[in-house]
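Heavy-atom basis, side chains included; hydrogens, waters and symmetry copies ignored. Naming convention: chains lettered A, B, ... in sequence-line order (proteins, then strands); numbering from 1 in each chain.
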Amino acid sequence: MSHWLLTEKHEKLRNDVRQFVREDIVPYVEEWEKEGEFPRELFCRLGEAGFFGLKFPREYGGNGVDYVAETIFLEELAKCGSGGISFSITAHSELALLYVSEYGNEEQKQRFLVPGIRGDKVGCLGVSEANAGSDVAAMEAMATSDNNYYVLNGSKLFITNGAKADFACVAVKTQRNAGRHGISLIVVEKGTPGFSVSRKLDKVGLRVSDTTELIFTDCRVPKENLLGRENEGFYYIMRNFTWERIAIAAFSLGAAELVLEDTLEYVNQAQRNGRLPSASETVRCKLADMATAIEVARAITYYALMLFSQGISVSKEASMAKLLATEICCQVSDEALQLCGNDGYMSECPIQRYWRDNRFYPIGGGTSEVMKDIIARCLGIGKKRWER
Amino acid sequence: MAPEMQNNLAFFDEAHKAFRHLVRRFRKQEIEPHIEEWEANKSFPSYIFSQMGQLGLLGTRYPEEYGGLGSDYFMSVVLMEELAYCSDGSLPLAVAVQTEMVIPLLLQLGTEEQRKSFLVPLIKGEKIGCLGVFERGNEQDLASVQTTATCDGKDWIIRGEKPFSINGALADFVMLWAAISGKSETDGFALFLVEKGTPGFVANRLDQAGMLASNTAQLVFEDCRIPADNLLADGRQALEVVTRVLHESRLILAVIATSAAEYIFEQALTHATQRVQFGHPIADFQVIAHYLAEMAARIEATKQLNYVAAWKLARGENALKETSMAKLAAGRVVNEVADKALQIHGGYGLMKEYPVQRVWRDYRLYRVIVGSSDEALQASIARELGLVE
């Protein structure tokens, strides 16, 4: 469905990404899913195609800032059918690169953003800890100052790309007992002594993305690796959350669309073979509901996107988009599994993988419940539990 | 989240804003103070239509030569958003029948003379029209109509009945859809205009759970004789136009439902911040806060879907899928929001002096309204998705 927000340029980009996904990812998904990883070369291919530069300035190898274009990329990437592959790619492009671009100095941009846009270097973001999820200020990882170095101790949990990343943007406390006022972002390169990555964590879905624990033991990092200003990291993280939420909404939208497309095909095929009464009211109504829910999600996501790309503060709308798009993606995936029946449950059918993969989206990047807390705060209600 | 807060720079210009304020003032002065009285009387006074006509509210996007404002589709969206931002469901629906169903049908199918004698007074608000199109069983297929029109060489004789006609008890005339006796099932139907007072035509007022002031009636035609000139159009062309107009009107119903949802959400939000229990406003409790957060999110999302569909309609594109989706989503949202609003109000919500119960009752109709029920919408959407039948 065409939309008032999209220009011809965007429609062309959509076709380009779609073609890339169809040729360079889709044929290998089953194989990579079995192996539990995908070749790192895919990052280079995406870089060559220019897809990492859609929201970055030309001077760093980007295509000029266009968040609408980035959204199209995310939607179409999610349609590769492997949440793990697309999630890993976006942990690099939407998290790591965005932090360097937004808060890094010129030298840091040359070191990380430029090769990152080319796909030669892969990044990850380390914020979450065992006891600090949405409550970022509760983190415990600490960086103490030692002349020209920071000395890092602590660990970061559930870090996508942890194992394959060449650099990690890590949030740590640079001031004790200062809560949100004592957090800084520091880039730690792979191979830095005292920085290690745990085993890959085994999980229900997104199995191709490597999710790890980052461990820092007296890890010495030069102070020139500080992103932005000391003790302002919390606000940087909060600011990036807005885009992150719109990005996850867009990503969920693409994932949900793929589920719908596959289900329509399954149902129509079954109907042609006389195996399933797709003419039955129930099946038709369910599919109509799924399609409607997806367009509802798209409407709010594009609205938040439109405001965001005009520089308007959209904490509320981004949270609404994240809440609805991720929940709808899960509901649609569950309905799809129901419609495809026992066929859909079998490992050879991608529907079960969508169902497993997509379950993460209402959890990652701020849970649905946190989204509701934020919306409530924007409405001027609810207790301010999250302030520390 | 009142309507003026929306930030859709792309759709609304200064003229839309000025019009919004005009309609809002009208709603506050001429509608809101009378809602309970109209409900008790089972009708709004018909002069409310002429008042609206004088202000130009009934001809938003229709040609100036017939008294319209000649504006765009978004002007109609603004009109309905503002009219429906209150606890009365009856008047917005009555206006929608006039401006989104009867007027476009006359404009597209009427002769120049019919436009002069009916369209102009409709836009002025001097006449009120109603629809006699749907019957039990033809909701998704207008071709299978039971009401018949027989030609006796000079006049048409109408026989049959139409249930659930909004405005029916008040209307000056009805746009009637009937099968032509003796003609084929594939093109033997036509749209007629039947005036009030024609012998053999009776409108029986119906009692219902909500929409008490909507003048909904059952229209009965017993050997009702009308002149040959009162046939507006027949055959496939008539079928196509009537179907398209009714499909497009789904979007205005979605706009009305969304605005009513916004209104009742604001009522619930206000109540939750004022009602104190256990020493705190109940809005401080996370359960209530989350209800309200989800209500707000769903309202904003359906509103944005309405605009997506409106944008397509305004460009003259086929938007059957989008308008049906918008109506399906909005009908559910207003019902869920009204139900949660009732819950947040607790016992107060069920009291007649509180607006929430009226929205809760009135808008239940939207999910079952003939021609645009959830099931009819799902059927349209499934077809548009390309599901093999």
Taking C-beta and beyond as the side chain, do [X] and [Y] meet within less than 4.5 Å on heavy atoms?
X       : Y       : answer
L385(B) : L264(A) : yes
D373(A) : Q286(B) : yes
E295(A) : E322(B) : no
I381(A) : F285(B) : no
E369(A) : H290(B) : yes

Evaluate whether atom [atom1] of [X] has more than 12 neighbouring non-hydrogen atoms of other residues, nucleotides or ligands under 6.0 angstrom away.
X       : atom1 : value
R359(A) : CZ    : no
E265(A) : CD    : no
Q140(B) : CD    : yes
R136(B) : CZ    : no

Looking at every non-hydrogen atom in both residues, tell me the closest pair between [X] and [Y] and how far apart they are.
X       : Y       : answer
A297(B) : L323(A) : CB-CD2, 4.1 Å
G386(B) : N268(A) : O-ND2, 3.2 Å
A293(B) : A376(A) : CB-N, 4.0 Å
A301(B) : V296(A) : CB-CG1, 3.5 Å

Heavy-atom contact with chain B under 4.5 Å, split by part of E327(A): neither

Toward chain B, the part of L287(A) with a non-hydrogen atom under 4.5 Å: both

Partner chain A: residue of L292(B), N306(B), T273(B), V333(B) with the largest heavy-atom pair count (under 4.5 Å): L292(B)

Straight-line distance of [X] [atom1] to [Y] [atom2], nearest 0.5 Å:
X       : Y       : atom1 : atom2 : result
E317(A) : E300(B) : CD    : CD    : 6.0 Å
H3(A)   : K312(B) : NE2   : NZ    : 10.5 Å
Q378(B) : E281(A) : CD    : CD    : 8.5 Å
L305(B) : R298(A) : CG    : CZ    : 10.0 Å
M290(A) : I381(B) : CE    : CD1   : 13.0 Å

Residue selection (most heavy-atom pairs with chain B, distance under 4.5 Å) from L260(A), D289(A), L5(A), T301(A): D289(A)

E317(B), part contacting chain A, at a heavy-atom distance under 4.5 Å: side chain

Side chain / backbone / both / neither for R298(B) at chain A, heavy atoms under 4.5 Å: both

Donor-acceptor under 3.5 Å (D374(B) side chain, C285(A) main chain): no

Centroid-centroid under 6.0 Å between Y307(B) and W4(A) rings: no

Evaluation steps, side-chain contact (heavy atoms from CB on, under 4.5 Å), between L379(A) and F265(B): CA-CA 11 Å; L379(A) 294 172; F265(B) 164 80; 3.9 Å; yes

